[in-house]
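Note on naming: letters A, B, ... go to the chains in the order of the sequence lines (proteins, then strands), and numbering restarts at 1 for each one.
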2 protein chains.
Amino acid sequence: MKDTVINEKNVKIPLYVAAYETISQWLKDGKYKAGDKLPGENILAEQLQVSRGTLRQAMLLLQEDGLIINHQGKGNIVLSNQDMSKSGLERIGNPIVDFCSEPVDRVVTTIGFQPATQKHQQVLKLRPSSVVAVIDITYYSGDTPAGFSMVYMPHEVLDNSNVDLEDTDTVYRYYTELLETSGLYSDTKIRLGQARERLANILHIQEGEPLLLLEEVLYTEYDTPVLSQKLFFGPDQHELSIRRKNDRNIIKKSEQ
Amino acid sequence: MKDTVINEKNVKIPLYVAAYETISQWLKDGKYKAGDKLPGENILAEQLQVSRGTLRQAMLLLQEDGLIINHQGKGNIVLSNQDMSKSGLERIGNPIVDFCSEPVDRVVTTIGFQPATQKHQQVLKLRPSSVVAVIDITYYSGDTPAGFSMVYMPHEVLDNSNVDLEDTDTVYRYYTELLETSGLYSDTKIRLGQARERLANILHIQEGEPLLLLEEVLYTEYDTPVLSQKLFFGPDQHELSIRRKNDRNIIKKSEQ
DNA sequence: TCGTATTTGTACGTATGTATT
DNA sequence: AAATACATACGTACAAATACG
């Protein structure tokens with residue numbers, strides 16, 4: 001009881017996160033609605049029994065979530081009490097599933113292994129002796145193919161995970177969990193592509209038909225490549241949502 | 001000299017921003033290279049003559065820029081000394097210009113006015129009596145059309161800006177400056193589209209040809225709609241780059 | 001229009017917790 | 001086990017923007 005940490009379901013979280021979650025819940029509950037001004041920071045801090053500095057850390061998190069904005073002299077204004085959980089392409093997820101107009105209810109996963117090609121050696125920072133797992137995933141809405149992806153993963157990544165490579169469902173589950181790793185980031189490119197023969201067969205479309213195509217490499221926060229993948233979106237089924245943003249920091253772009 | 005602010009080119013900036021810019025410059029200059037560990041926060045704070053708390057605010061900015069990562073117990077590690085200035089689609093800019101394979105060297109702007117349609121009234125939060133400016137912009141790389149955009153802007157937005165509506169260059173310049181407004185955010189959708197007759201003429205392509213298409217509404221940080229626009233990307237000339245990211249916050253998604 | 005009060009922003013110092021080496 | 005380094009937390013003080021009488 002000396003000072004700082006708190007239990008909630010046997011895990012301890014920082015006070016400022018607890019404060020963030022409390023206020024977050026207030027907004028969800030409609031205690032404060034869009035446009036309302038929150039009580040002053042001193043008052044909130046006292047109510048939550050934390051220092052003002054700690055409370056301000058919580059406010060920062062709320063801002064990052066787009067739930068409030070604050071302005072010097074005015075106060076902290078509620079922007080939205082929506083459940084902003086559905087995030088766009090700016091967050092890592094599975095776009096084929098997330099943005100499909102029909103729910104994706106079935107996936108077919110296959111896995112194989114091959115030596116790292118030169119390109120893989122480059123983008124995944126591998127040695128020539130490395131092996132990469134090739135995971136092909138086909139997504140279906142009912143019987144309609146909704147998309148297809150080719151995932152290349154260094155063998156070491158899979159190796160550290162105790163995944164049963166015979167069980168393709170487990171492989172797919174491991175893949176989706178991997179995408180939720182905290183601190184992950186990507187270099188992603190989106191462009192227009194065409195269905196070649198193999199892809200046309202998989203997606204049940206004409207050869208040469210135009211497709212949305214996403215190609216990316218995922219890295220850990222330490223810049224270690226985790227996987228590279230290429231996603232093909234079924235035609236007329238996907239619309240990619242993004243929240244674009246300008247910084248609020250008014251940092252002068254240095255001369256130099 | 002009492003305490004906190006500093007002049008640099010007759011503007012005063014917070015100490016933590018100054019610290020951020022100093023360290024930023026160190027990285028650009030190669031004083032610390034990718035993979036290096038920065039000196040400890042106490043040492044840095046003393047070198048820069050600020051408190052550790054202030055220095056940590058600077059470190060936060062450096063992290064947001066992706067220049068460093070820090071890990072408890074280990075230290076602050078340099079990720080990159082690149083000039084990470086080229087930002088992707090996750091930041092607001094002009095994607096037709098930013099992602100064109102050939103430099104866009106010419107734009108043709110036209111402007112007109114019309115009563116707000118029902119759709120405009122909804123997305124731009126206007127009254128039926130409102131007027132919207134319709135700004136059409138065609139982008140060229142040399143003589144090749146690179147893209148086309150239709151921008152709908154409430155008349156009030158333009159009205160507050162003293163733009164000479166006769167001078168279309170000024171209108172375009174105002175539009176690009178508007179995109180740099182700090183705190184701006186968007187709801188953006190990307191999908192596959194087809195060139196209809198008018199667009200096919202403008203972009204010098206076949207009618208029905210597939211196109212990348214971006215549709216979005218921009219809002220101020222106060223949730224006031226600023227403009228809605230639809231961008232058409234010339235075929236085979238654009239590849240959209242995005243940096244996707246997972247939060248480093250390990251915030252449990254609340255049950256509820 | 002002009003102060004004054006309120007509210008957030010910046011900054012310092014200090015203490016202690018926790019992860020890594 | 002000890003030293004090092006970042007993370008969290010509190011308290012205090014003043015600056016700066018805004019709101020209000």
Side-chain angles (χ1 to χ4, degrees), chain A residues 1-8 11-23 32 35-63 68-79 182-183 221-222 248-251, chain B residues 1-8 11-23 32 36-63 68-78 182-183 221-222 248-251:
Chain A
M1 207 182 87
K2 187 73 164 306
D3 46 311
T4 55
V5 290
I6 283 187
N7 281 43
E8 178 228 302
V11 290
K12 44 185 169 179
I13 55 176
L15 281 183
Y16 73 94
V17 175
Y20 156 78
E21 289 181 343
T22 301
I23 300 174
Y32 302 99
D36 289 357
K37 191 178 97 53
L38 288 179
E41 293 179 350
N42 289 307
I43 296 169
L44 279 179
E46 194 178 13
Q47 281 182 14
L48 298 174
Q49 288 288 296
V50 297
S51 72
R52 189 177 154 224
T54 300
L55 181 101
R56 279 176 61 77
Q57 290 188 71
M59 295 313 233
L60 254 186
L61 294 181
L62 290 167
Q63 277 200 85
I68 65 169
I69 56 159
N70 48 34
H71 237 265
Q72 188 173 150
K74 280 172 94 168
N76 296 289
I77 314 291
V78 178
L79 282 185
S182 112
E221 55 186 338
Y222 305 101
R248 219 177 329 268
N249 305 339
I250 311 144
I251 299 171
Chain B
M1 205 182 91
K2 188 72 166 304
D3 46 312
T4 54
V5 288
I6 282 188
N7 281 43
E8 179 228 300
V11 292
K12 44 187 172 178
I13 54 176
L15 281 183
Y16 73 93
V17 176
Y20 156 77
E21 289 182 345
T22 301
I23 300 175
Y32 302 99
D36 289 358
K37 190 177 99 52
L38 288 180
E41 293 179 351
N42 290 307
I43 295 170
L44 278 180
E46 195 178 10
Q47 282 181 14
L48 298 175
Q49 288 288 296
V50 296
S51 73
R52 190 178 153 224
T54 300
L55 182 101
R56 279 177 60 77
Q57 290 187 71
M59 295 313 234
L60 256 187
L61 294 181
L62 290 167
Q63 275 200 89
I68 65 168
I69 57 160
N70 50 32
H71 234 267
Q72 187 175 156
K74 279 171 96 167
N76 294 290
I77 314 291
V78 178
S182 109
E221 54 185 336
Y222 304 101
R248 220 178 327 270
N249 305 338
I250 310 141
I251 298 170

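Residues passing the side-chain contact (heavy atoms from CB on, under 4.5 Å) test with B:Leu48, sequence neighbours excluded: B:Ala19, B:Thr22, B:Ile23, B:Trp26, B:Val50, B:Leu55.
Listed pair B:Arg56 / D:dC6 fails the phosphate criterion, with no side-chain N or O lying under 4.0 Å from OP1 or OP2. Taking only side-chain nitrogens and oxygens, B:Asn42 never comes nearer than 4.0 Å to OP1 or OP2 of D:dA5. In terms of phosphate contacts, A:Asn70 brings a side-chain nitrogen or oxygen within less than 4.0 Å of OP1 or OP2 of C:dG9. For D:dT8, the OP1/OP2 oxygens have no side-chain nitrogen or oxygen of A:Thr54 closer than 4.0 Å. Side-chain N/O atoms of B:Lys12 include none lying less than 4.0 angstrom from OP1 or OP2 on D:dA15.
For the pair B:Glu41 CD and C:dT16 P, the interatomic distance rounds to 19 Å; values are reported in whole Å. For the pair B:Asn76 CG and C:dT20 P, the interatomic distance rounds to 15 Å; values are reported in whole Å. Nucleotide D:dA9 holds its C1' atom 8 Å from the CD atom of A:Gln57, rounded to whole Å. The distance from atom CG of B:Leu15 to atom P of C:dG13 is 12 Å, rounded to the nearest whole Å. Atom CG of A:Leu55 and atom C1' of C:dT7 are 13 Å apart (whole Å). Rounded to an integer number of Å, the gap from A:Leu38 CG to C:dT6 P is 19 Å. Atom P of nucleotide D:dT4 and atom CD1 of B:Ile77 are separated by 18 Å, given to the nearest angstrom. Rounded to whole angstrom, the span from the CD atom of A:Gln49 across to the C1' atom of D:dA9 amounts to 14 Å.
When the shell of 6.0 Å around CD of B:Gln47 is examined, it contains more than 12 heavy atoms from other residues, nucleotides or ligands.
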N/O-N/O pairs, protein side and nucleotides 17-21 of chain D side, under 3.5 Å:
unit_1, atom_1, unit_2, atom_2, d
D:dA17, O4', A:Gln72, OE1, 3.2

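For B:Arg52 against D:dA7, a side-chain-to-base donor-acceptor contact under 3.5 Å is present.
A 3.5 Å limit on both hydrogen-bonding distances identifies D:dA17 as the Watson-Crick or G-U partner of C:dT6.
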Open item on the list: Checking B:Ile77 against B:Ile68 for the side chain to side chain contact (heavy atoms under 4.5 Å, CB included) test, could you report, in this order, the C-alpha distance in whole Å, the side-chain angles of both residues, the deciding distance, and whether it holds?
Closed with: CA-CA 5 Å; B:Ile77 314 291; B:Ile68 65 168; over 6 Å; no
- [ ] Tell me, with the steps shown, if A:Leu62 and A:Met59 meet side chain to side chain contact (heavy atoms under 4.5 Å, CB included).
- [x] CA-CA 5 Å; A:Leu62 290 167; A:Met59 295 313 233; 3.8 Å; yes
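Separating the NZ atom in B:Lys37 from the OH atom in B:Tyr32 is a distance of 9.5 Å, to the nearest 0.5 Å. Between the OG atom in B:Ser51 and the CD atom in B:Glu46 there is a gap of 12.5 Å [rounded to 0.5 Å]. Between the OH atom in A:Tyr16 and the CG atom in A:Leu60 there is a gap of 10.0 Å [rounded to 0.5 Å].
Within the 4.0 angstrom heavy-atom criterion, only backbone atoms of the sugar-phosphate kind lie near A:Gly75; the bases stay farther away.
Of the listed nucleotides (D:dA9, C:dG13, D:dA5), D:dA9 has the atom at the smallest distance from the side chain of A:Pro14.
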